[in-house]
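Everything on this sheet refers to the single structure shown next.
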Protein chains: 2
Amino acid sequence: MSFNIKDIAKLAGVSPATVSRVINGTGNVKDEKRDRVLKVLEETGYKPNALARGLIHKRTYTLGIVVPDISNINFSEFVKGVEKEAKEYGYNILLTTSGNDLNREVECFEVFKEKRVDGIIFTGTRYTEKHKTVIDNTPIPFLVFGQNFEHENIISMNIDNKKAAYEATKLLFSKGAKNIAMIGGPLWDRAAGYDRFMGFLTAAVEEGLNPNNLIYEEGDFTIKSGYELMRAILDKQKVDAILAANDFMALGAIKCLLDLGIYVPKDVQVVGFDDNIISGIYNPSLTTVKIDFNRAGRMAAKSIINKIDGKIIKKYIELEYKLIIRNSTK
Amino acid sequence: MSFNIKDIAKLAGVSPATVSRVINGTGNVKDEKRDRVLKVLEETGYKPNALARGLIHKRTYTLGIVVPDISNINFSEFVKGVEKEAKEYGYNILLTTSGNDLNREVECFEVFKEKRVDGIIFTGTRYTEKHKTVIDNTPIPFLVFGQNFEHENIISMNIDNKKAAYEATKLLFSKGAKNIAMIGGPLWDRAAGYDRFMGFLTAAVEEGLNPNNLIYEEGDFTIKSGYELMRAILDKQKVDAILAANDFMALGAIKCLLDLGIYVPKDVQVVGFDDNIISGIYNPSLTTVKIDFNRAGRMAAKSIINKIDGKIIKKYIELEYKLIIRNSTK
DNA sequence: TTGTATGCGTTATCAC
DNA sequence: GTGATAACGCATACAA
């Protein structure tokens, strides 16, 4: 049994308008009537229909968010941050997952359009012409996390992946690495794939390595691919240091090394990316580039809400990162 | 610029009713007019307003879901399953987090009520009178995961925690354990706390242990608490086996043991619960009770949607679990 | 201070 | 086959 505003009005012996005024604190209502309304509100547990409200105000207080995979700890931390901050502003989140599939991403945007979300937060790895077109046809504030989308009217948020990878690589060299290899992401992933590779490459060349002999194995950010690619690298060449484009692959690589009786960091040093919850307690604990996804999520929510409110905000937000040195490096 | 159905009608030179018929495939429309409408639809990228639709149909095709913490891999796997299945039925999910806080849980329910979600999936650890009252006043199909809520009109879904903990404990004894301790959850957590403790207790007593001397440390399911409670246990008594109420605490316990130079499983065997993504690659890999959260999520979504559709469904759904034996036991 | 009437964007029910 | 029109539940302009 669900009440509407007329039911409440009838029960309280007032007009629907008065009930509305009481609920929203708009306009003046005589105390006696207000009390009567309040009482009925209490008794019935009435909640105004957000659909009807949204129809009038053209505001749903809902944010649409699309992530490739919510079970990936980075994204779930991000979403956690978004949800927390959004809630403080009275927003809820409509969560969708894309599996990094372009078509599914587009479907998500369409759903967001239908459901009239007030803002969209998108975490994806590609940025194609199709994205551009869809976004242009979606008159909803839009924020991209994890990629530098150069597009009008879009907020993008990212870390300087090239710089971070450069520093991580330099760290390995400073710890005595000579033969370094990278287990990276797909190069079409501009940020976590390409940019991190570029940082690695730049540092390696700077250290006098021949770029043509550099080993770069392209993984998919899973533990499994880290494990398998580590094995592939060992088959090809002797290495004493690995830069992985994320912690999962780094942990997979370490697991592979340990299984083969190769010591970390004595024989091979390993550095990852992200600082997963597990990286600190692994044996050995993992040296990594920490990205605070939770904070990123909070910032993303705040930014998009500011944009919704018509406030002027920066088009590009650079996130911080931090090298966490643990026991997988010397 | 957002179009409405009248705009489309005008552009196509037909009435709004006809546009509606074309969009929904309801009623007959002359081919020529249909084509004109379709063309305009295509050109404008028009999407019907789901708020207006929901107002009429009293269906939002949205599921509300509340989890204590989305960054916990168990819950994110669960949500992933829910989202996947829900999407196949044309539903989206409104995600909220509660931090296991009763007040926040209630707030989530209120929001769901306002936003007129079609069904609610709740994962919580307590079941109080307040829950009962709120649920009674929420005329929305309701499903609880992870607890056995005995309440009319609610679907609940869970594993037999007592039995699972019993079997895990028995496993430790069968591998030669003599002095066993448990790092459990809070006992007010009926399922993951209390029931698992009861299974542990039953098995221990059956093996002839004195229940009064049994060590049970109450943790909060975090790696940190596993670590600290392991240390606390070692200070108290010599143990050769640990049953932890989840993998995080089990991993924390192992980390503590290793830090102290105690070998796992040689000196102390450890069993966890859940089978986290990381448990298989930890050193040593963790023996655990596997719960398929993703599958649970899919089942939850399917059940609640069936209920929304008025289909008759089971009031209690028992989930399977499976002992995964790895290297943290002998 | 209060109530009535209108409109938000749809769909469904009627007439035509 | 098609087009007006009345809901859906609410907020607001306007009248009283």
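Here is the naming used below: chain letters follow the sequence lines, and residue numbers restart at 1 for every chain.
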Using the side-chain heavy atoms of A:R53, tell me which of these nucleotides is nearest: C:dG3, C:dT10, D:dC10.
D:dC10
Nearest listed nucleotide, side chain of B:H57, among C:dT11, C:dG9, D:dC10:
C:dT11
Determine whether any donor atom in the side chain of A:R21 lies under 3.5 Å from an acceptor atom in the base of C:dG3, or the reverse, and answer yes or no.
yes
Compare the minimum distances between each of C:dT1, C:dT10, D:dG3 and the side chain of B:N49, then state the nucleotide with the smallest one.
C:dT10
d(CG, A:L51; C1', C:dT11) in whole Å
15 Å
Using 4.0 Å as the upper bound for N to carboxylate O, is an ion pair formed by B:K30 and B:D35?
no
By nearest-heavy-atom nucleotide on DNA chain D, the more 5' of A:L55 and B:K33 is B:K33
Give a yes or no on whether the backbone of A:V66 and the side-chain of A:T123 come within a donor-acceptor separation of less than 3.5 Å.
yes
Between B:K10 and B:D7, does any NZ, NE, NH1 or NH2 come within less than 4.0 Å of an OD or OE carboxylate oxygen?
no
Send over the distance from B:Y61 OH to C:dT11 P, rounded to a whole Å.
12 Å
May I have the distance from B:I56 (atom CD1) to D:dT5 (atom P), rounded to whole angstrom?
17 Å
Nucleotide nearest B:K58 when distance is taken to its side chain, options C:dT4, D:dC8, C:dG9
D:dC8
Regarding B:R295 and the six-membered ring of B:F293, is the cationic atom NZ or CZ under 6.0 Å from the ring centre and inside 45° of its axis?
no
Between atom NZ in A:K115 and atom P in C:dT10, what is the gap in whole Å?
15 Å
Rounded to whole Å, NZ of A:K10 lies from P of C:dT4 at a distance of 12 Å
If you look at every strand shown and take non-hydrogen atoms under 4.0 Å, does A:S20 touch a base, only sugar-phosphate, or nothing?
base
Between A:N24 (CG) and C:dT2 (P), how many Å, whole number?
16 Å
Check every atom of D:dG3, C:dT10, C:dT2 against the side chain of B:I5 and return the nucleotide holding the closest atom.
C:dT10
Whole-Å gap separating C1' (D:dG1) and CG (B:D31)
12 Å
If the plane angle is over 60° it's perpendicular, under 30° parallel, otherwise tilted; pick one for A:F145 and A:F78.
parallel
Nucleotide nearest A:N4 when distance is taken to its side chain, options C:dT10, D:dG9, C:dC8
D:dG9
Between atom CD1 in A:I8 and atom P in C:dT2, what is the gap in whole Å?
18 Å
Regarding A:R298 and A:D292, does a basic nitrogen lie under 4.0 Å from an acidic carboxylate oxygen?
no
What is the nucleic acid contact for A:K6, judged by heavy atoms within less than 4.0 Å: base, sugar-phosphate only, or nothing?
nothing
On a plain distance test, is the side chain of A:R116 in donor-acceptor contact with the base of C:dG9 below 3.5 Å?
no
D:dC10, D:dG3, C:dT1: which one has an atom nearest the side-chain heavy atoms of A:N28?
C:dT1
Between C:dT10, C:dG7, C:dG3, which nucleotide gets closest to the side-chain atoms of A:V14?
C:dG3
Assert: residue with more 5' nearest nucleotide on DNA chain D, out of B:K30 and B:A52, is B:K30
